[in-house]
Amino acid sequence: MIALDPIQYYCQIPGVGHYASKKEFMENSVKIAQLSDAYGIVGSLSFFNHSVLDPWAVSSVIMQHTERHVPLIALQPYMYPPYTAAKLIQSFTYLYNRRIDLNMITGAVTGELQQTGGYIDHSSRYKKLHEYVQVLRLLLESDSPVSFKGDYYELNNLEFKPPLPDKLLFPRIFMSGSSEEGLETGLKAADFVVTHPGPLEHFKHHFSDKVQGSAVQSAIRIEIIARESAEEAWKVAHARYPGNRQGTIQLRMKKNSESSWQRTLAELAIASETYDEVFWMGGYMNGGIYSPVLVGDYEQVAAYLNEYYKLGVKAVLLGSMYSEEDFIHFSRVKEGISNPV
């Protein structure tokens, strides 16, 4: 077994549209998960939106081809009722003797919510999400019939058998904490609150200071492009996410998004493309990705990550690690990271 780092890392599984064929999608999804196992990464995030395959189905295939990999499954309340999600978690842990982690989402695309008849205002979505997690925890943790009555969910003496056999198999629950409602809900209901971080001072003021002192851990979503030299890393970054007019137009639109994290990243990108010589908004500005990128040589990126860890970050969701070369470069960054307590 590979010892887990004090910081828990997750990569991500690309959407099916990222590949030309079903065969290519499945082969590469499994390969990413196997590389994660080989390089000591806990697991991988599987997204949910209307253009991707069901993340539970994809994760089931991945778990068949890995030994330790822990799926981090995006869970949208309208997709699966709490009982269904609890039964899936129970079934997966029994079949694979492995934990399933959850990334609880409310949905950032208004159109998708309207299409399913599930549109409610931003604040109400988080109230519903809080109830959802309460019900889910009751079902997974209780060894007696469960009753619950809230504004959105109701259970009447529901028997859920058997409960999860081992506390180590209980899911770690991640929840976005970028908005005020999200952070408030995450601090009450989640194990990790996640944000697309700003540069260090921004992150400290707008996020970490609000989380420190709670029992909930901080997590960030970010991409890393690190190479032997900073010059080489920046060359790769600009080649991967070249500037384009459409991205500039979309950036202005994102500034008015209903999503808090989209607005925040757009404002940061408009103010400056680069912060602290390492923190780069270019990928987001150009419409290539939905997170910041840390760009530089291995030592620069490791030092910047260390500063996030000093501010309380305990988990990192890594974007765009799709080849062994990506994992090798990230392992070089990890070598320069101290071991925070």
Side-chain angles (χ1 to χ4, degrees), residues 1-14 29-30 32-37 39-48 52-77 79-80 82 84-106 129-130 132-141 163-177 182 185-196 215-222 313-319 321:
M1 294 288 288
I2 296 175
L4 295 179
D5 295 314
I7 305 300
Q8 303 294 284
Y9 297 102
Y10 296 79
C11 60
Q12 66 186 30
I13 302 299
S29 296
V30 168
I32 289 167
Q34 291 173 338
L35 286 167
S36 297
D37 272 8
Y39 285 87
I41 289 175
V42 175
S44 60
L45 170 65
S46 287
F47 298 102
F48 171 78
V52 301
L53 297 180
D54 178 82
W56 295 89
V58 174
S59 296
S60 179
V61 175
I62 286 172
M63 293 178 83
Q64 292 177 45
H65 292 87
T66 55
E67 297 179 3
R68 296 179 294 276
H69 198 75
V70 175
L72 174 57
I73 296 177
L75 181 54
Q76 161 65 268
M79 181 66 176
Y80 288 107
T84 307
K87 183 58 68 175
L88 283 166
I89 293 165
Q90 177 197 65
S91 302
F92 274 49
T93 54
Y94 177 82
L95 292 171
Y96 299 104
N97 195 35
R98 224 178 300 173
R99 198 178 73 240
I100 297 289
D101 290 342
L102 302 174
N103 183 39
M104 305 302 304
I105 60 174
T106 61
L129 194 66
H130 185 201
Y132 188 104
V133 174
Q134 287 179 289
V135 173
L136 191 62
R137 287 192 187 276
L138 282 171
L139 290 171
L140 294 175
E141 295 173 2
L164 294 187
D166 189 334
K167 293 291 184 183
L168 293 176
L169 295 178
F170 275 69
R172 295 176 180 177
I173 294 179
F174 291 69
M175 189 180 296
S176 173
T185 305
L187 291 176
K188 291 186 291 187
D191 301 304
F192 291 86
V193 286
V194 188
T195 190
H196 300 73
V216 178
Q217 306 285 358
S218 296
I220 57 174
R221 283 187 65 174
I222 205 155
V313 169
K314 296 296 183 183
V316 181
L317 280 54
L318 296 161
M321 288 179 56

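Here the CZ-CD1 distance, from F47 to I73, works out to 13.5 Å after rounding to the nearest 0.5 Å. Between the CD1 atom in I13 and the CG atom in L45 there is a gap of 8.5 Å [rounded to 0.5 Å]. One finds the OG atom of S44 at 11.5 Å from the CG atom of L318 (value rounded to the nearest 0.5 Å). Atom CZ of R68 and atom CD of Q34 lie 11.0 Å apart (nearest 0.5 Å). Within the model, atoms CE of M63 and OG1 of T93 stand 8.5 Å from one another, a figure rounded to the nearest 0.5 Å. Annotation: the span from Q8 atom CD to Q217 atom CD amounts to 10.0 Å, rounded to 0.5 Å.
The heavy-atom pair separating A189 from H130 by the smallest distance is CB-CD2, 3.6 Å. Nearest heavy atom pair, residue A85 against residue L75, reads CB-CD2, 3.9 Å. Residues R99 and F170 come closest through the heavy atom pair CD-O, 3.0 Å. Smallest separation of non-hydrogen atoms from H69 and A33: ND1-O, 3.4 Å. A190 and V216 make their closest contact through O-CG2, 3.4 Å (heavy atoms, listed as atom of the first residue, atom of the second, distance). Nearest heavy atoms, Y80 versus W56: CE1-CD1, 3.3 Å.
With hydrogens and angles disregarded, no donor-acceptor distance shorter than 3.5 Å links the side chain of Y96 to the backbone of V70.
Qualifying side chain to side chain donor-acceptor pair (under 3.5 Å) partners for T195, counting only residues two or more places apart in sequence or in other chains: S178.
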**OP:** Just do the ring pair (Phe, Tyr, Trp, His ring centres under 6.0 Å) check on Y9 and Y39 with the steps written out, would you?
**Re:** CA-CA 10 Å; Y9 297 102; Y39 285 87; over 10 Å; no

Subject >> side chain to side chain contact (heavy atoms under 4.5 Å, CB included) between L317 and F174, worked out >> reply: CA-CA 11 Å; L317 280 54; F174 291 69; 4.1 Å; yes

Subject >> Verdict with supporting geometry, R137 and I173, side chain to side chain contact (heavy atoms under 4.5 Å, CB included) >> reply: CA-CA 10 Å; R137 287 192 187 276; I173 294 179; 3.7 Å; yes

Subject >> Derivation and outcome, side chain to side chain contact (heavy atoms under 4.5 Å, CB included), residues M321 and L35 >> reply: CA-CA 10 Å; M321 288 179 56; L35 286 167; over 6 Å; no

**OP:** Go through the steps to decide whether T66 and R98 satisfy the test side chain to side chain contact (heavy atoms under 4.5 Å, CB included), and finish with yes or no.
**Re:** CA-CA 11 Å; T66 55; R98 224 178 300 173; 2.9 Å; yes

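The shortest side-chain heavy-atom distance between I105 and S176 does not fall under the 4.5 Å cut-off. With contacts defined as side-chain heavy-atom distances shorter than 4.5 Å, the pair D54/M79 qualifies. Taking the side chain as every heavy atom from C-beta outward, P171 and L140 approach each other to under 4.5 Å. Between L139 and Q90 the shortest side-chain heavy-atom distance does not fall below 4.5 Å.
A side chain to side chain contact (heavy atoms under 4.5 Å, CB included) with S46 is found for one member of S29, S59, P71 and no other, namely S59.
For CD of E67, the number of neighbouring non-hydrogen atoms (other residues, nucleotides, ligands) closer than 6.0 Å is 12 at most.
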